[in-house]
Colleague: 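The following block contains the structure, expressed as structure tokens.
Here the structure is a predicted model, which means the values were calculated and not measured. Every chain is numbered from 1, with letters handed out A, B, ... down the list of sequences. Any value given below was found using the heavy atoms of this structure, including those in side chains, with hydrogens, waters and symmetry copies removed.
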There are 2 protein chains.
Amino acid sequence: MTASRPRRPTSADVARAAGVSRATVSFVLNDTPSQTISPATREAVLRAAEELGYMPSPHAAALRSGRSRLVLTLVPHWASSPTVMRYLELTGSHLAEHGLLTATHIERSAPLRDLLTAVHPAAVISLVPLEPDESDLLARAGIAEVHGYIADFPDKTPSVTLNQQHMGRAQAGHLLDRGFDRLVYVSGPRIGHPVRPAGRLEGARAEAAERGSLPVVAFSYTDTASLDAAIATWLGLPGRVGVCAFDDDTALEVLARLREHGTDIPGRVGVVGMDDIRAGEFSEPALTTIRPDLGPQARAVAHATLSALGISVDDESPVGSTTAQVAAVVQRATT
Amino acid sequence: MTASRPRRPTSADVARAAGVSRATVSFVLNDTPSQTISPATREAVLRAAEELGYMPSPHAAALRSGRSRLVLTLVPHWASSPTVMRYLELTGSHLAEHGLLTATHIERSAPLRDLLTAVHPAAVISLVPLEPDESDLLARAGIAEVHGYIADFPDKTPSVTLNQQHMGRAQAGHLLDRGFDRLVYVSGPRIGHPVRPAGRLEGARAEAAERGSLPVVAFSYTDTASLDAAIATWLGLPGRVGVCAFDDDTALEVLARLREHGTDIPGRVGVVGMDDIRAGEFSEPALTTIRPDLGPQARAVAHATLSALGISVDDESPVGSTTAQVAAVVQRATT
DNA sequence: CTGAAAGCGCTTACAG
DNA sequence: CTGAAAGCGCTTACAG
């Protein structure tokens, strides 16, 4: 250990090595549009930067330019599904195409206020609504707040919300297609999880109404006893009962109870879940479900972020009311 | 919109309002240990900061002090389980107690190199090993690299790795307790997922050996046909077969095939999963599983991070070889 | 097309 | 106990 730890190279080092000024280094490395640089100079700067292993300091750049290229996504700790993960990944890819980098913060490990003393993003994407004081904080810090909600929340400000109705429509539509004429929508206890099935239920109802089918009845249970009570009600209904479950976990619980009751599935009752978790493939019977596609949502929220930051996008895809494919039916043995 | 957008207050504004210098503001707000501040001055600064809604600029602070208070965790996109999420949350809480804030980056949305142009953390925690060039990048940028692996990887550098052996031991131990005397370890195809069951298998073997039980046989399957072949082999074994599954999804798939074969569970074959996912509660029969506790791992990785950053911790809990409780048996109907 | 200079908002020796 | 001043590493008008 005789060699002293080498100081990290700065743009001044690159400038010296390339025989140019620091300004020129900055122009080359940032492709500053208002500047034209001779190919020879550009080449020299690039080579020097490469050889020195130069990495610009994000702190200095952000401090001087007054803008950051970081986008921070706030993720509630309960939102840990592969679907959400994929959503974050897709959003990150879209933003990366426009030079924005993404990081996420799992909420509750530290208050937003503290977080902002360590990192200062250009924008914050929230998957669920922020508290008013959190929004204030962002506004005061000059950080754009983008609403990229993954569920239904009452919200007056413009937001990109995953199309819950579309998902409910997909469930109801499939059951109707398969000849189930009495539709019920069932949701269970959502532990530490504020997502409400309102949008999906609405979508299922709209689908049933448009097809002239019987109205969809909503059930929510809190424990096995109340689920059993709900099931008894369904089994009292005439015709073939189609169960839209809020998610696959709920569907699997319903299925377990229906098995217990000895119900004929899918003869008497059909069940369709939501999410396409792996376990659905191995249930008895194997669960039919909907695989949501968060691609359009990711695109929309990336758009919203870019526009909030004043970055123009040539892509013509509209933000908000996307009518794109957002869900695919995965049919197995329960329908 | 007549009022011009107010400039974000700086420490100079606070100093002016409090009638002190900027240095004093910094001393008060950072509780600089080498400085003693009169209560009156302290009070005045705090009040002024509060009234102005002052938030210090992380960029300026980091640039000047040369250190950041941000820790970035790199998460592979396939690691989306509630368990991992909880691990991130716990690690974040521990670090927050020492003034460090955490963010995570879902890998693959952008290369690490690009990410580091937008954010400059003090340390990076990796849940899986980094590429050599990524490690180089961190070293050159002066960013500490902490290995907080969630699985077994060959790794020569010091790292905190989730105790996989302990988990395998818990599975084998439970099956042995329940009277299953022929143990097998089964793992399925891990889609885009480099985690290998080596450590868990080893743990199961060690447990069986210590108890003087028959050696544990390892199976890995790639599709239904090869799983069925494996099952046929097990069913040819004498005695009661105990199946340790790599995770609950695998266990549920095994269970589905065993049902198909009409196997008596848990009479002839017992199955224990790993993870305690919700769906395990609703399988036929309901799945016995192991709930891993990542608390000790989170504590250890937080320790490792603090020590890499030269932050002393009074807490006496040792890093590395934790013998703490890291898994709990959740017994249901398959054992 | 290129360079000298100012300044972003902090922290930290240093002098009082 | 407090303040004046330097400087972290960039970017960006501005002058040439």
Side-chain angles (χ1 to χ4, degrees), chain A residues 7-45 48-49 52-70 99 116-120 122 140-142, chain B residues 7-45 48-49 52-70 99 116-120 122 140-142:
Chain A
R7 193 177 45 79
R8 191 174 159 207
T10 71
S11 75
D13 297 318
V14 177
R16 202 173 308 115
V20 298
S21 73
R22 289 160 59 212
T24 303
V25 171
S26 177
F27 293 148
V28 170
L29 264 29
N30 295 315
D31 277 321
T32 311
S34 56
Q35 290 283 331
T36 35
I37 303 284
S38 68
T41 303
R42 172 178 301 275
E43 174 64 22
V45 169
L52 292 171
Y54 171 66
M55 302 183 62
S57 153
H59 298 308
L63 176 59
R64 172 59 233 236
S65 70
R67 58 194 121 78
S68 161
R69 288 165 51 236
L70 185 72
L116 294 183
T117 65
V119 65
H120 190 109
R140 279 215 308 273
Chain B
R7 193 177 45 78
R8 191 175 160 209
T10 71
S11 74
D13 297 320
V14 177
R16 202 173 307 118
V20 299
S21 73
R22 289 158 61 211
T24 305
V25 171
S26 176
F27 294 146
V28 170
L29 264 30
N30 295 316
D31 276 321
T32 310
S34 56
Q35 291 282 331
T36 34
I37 303 284
S38 69
T41 304
R42 172 180 300 277
E43 174 64 23
V45 170
L52 292 172
Y54 170 66
M55 303 183 63
S57 154
H59 298 307
L63 175 59
R64 171 58 233 237
S65 70
R67 58 193 121 80
S68 163
R69 286 166 51 236
L70 185 72
L116 294 183
T117 65
V119 65
H120 190 108
R140 279 216 309 273

Colleague: Does B:S57 put a side-chain nitrogen or oxygen below 4.0 Å from OP1 or OP2 of C:dG9?
Modeller: no
Colleague: Salt-bridge test for A:D31 and A:R42: reply yes if a basic N is under 4.0 Å from a carboxylate O, no otherwise.
Modeller: yes
Colleague: For A:M55, does its backbone N or O pair with a side-chain atom of A:R8 as donor and acceptor, under 3.5 Å?
Modeller: yes
Colleague: Assign a letter to each nucleotide of nucleotides 11-16 of chain D from its 5' end: B, base within under 4.0 Å of a protein heavy atom; S, sugar-phosphate only; -, no contact.
Modeller: BBB---
Colleague: Where does DNA chain C pair, written as one dot-bracket string 5' to 3', with Watson-Crick or G-U pairs under 3.5 Å, ( ) inside the strand, [ ] for crossing pairs and | for another strand?
Modeller: |||.||||||||.|||
Colleague: Whether the side chain of A:T32 engages the backbone of A:Q35 through a donor-acceptor N/O pair (distance < 3.5 Å, no angle test) should be reported.
Modeller: no
Colleague: Output the rounded distance in Å from CZ (B:R8) to C1' (C:dC8).
Modeller: 12 Å
Colleague: B:R22: what forms a side chain to side chain contact (heavy atoms under 4.5 Å, CB included) with it, not counting sequence neighbours?
Modeller: B:S11, B:A12, B:A15
Colleague: To the nearest angstrom, how far is A:L29 atom CG from C:dT2 atom P?
Modeller: 15 Å
Colleague: Between C:dG7 atom P and A:L63 atom CG, what is the distance in whole Å?
Modeller: 14 Å
Colleague: Quick one: label A:T41 by what it contacts on the DNA or RNA (base, sugar-phosphate, nothing), any heavy atom closer than 4.0 Å.
Modeller: sugar-phosphate
Colleague: Select from A:M55 and B:S38 the residue whose nearest nucleotide in DNA chain D is closer to the 5' end of that strand.
Modeller: B:S38
Colleague: If you compare all heavy atoms of A:V14 against all heavy atoms of A:V45, which two are closest, and at what distance to 0.1 Å?
Modeller: CG1-O, 3.9 Å
Colleague: If you measure from OG1 on B:T117 to CG on A:L70, what distance do you get to the nearest 0.5 Å?
Modeller: 9.5 Å
Colleague: What is the distance, to the nearest angstrom, from the NE2 atom on A:H59 to the P atom on C:dG7?
Modeller: 24 Å
Colleague: Where do B:S68 and A:H59 come nearest, in terms of heavy atoms and distance?
Modeller: CB-NE2, 4.3 Å
Colleague: Could you measure the distance from the CG atom of B:L52 to the CZ atom of B:R16? Nearest 0.5 Å is fine.
Modeller: 9.5 Å
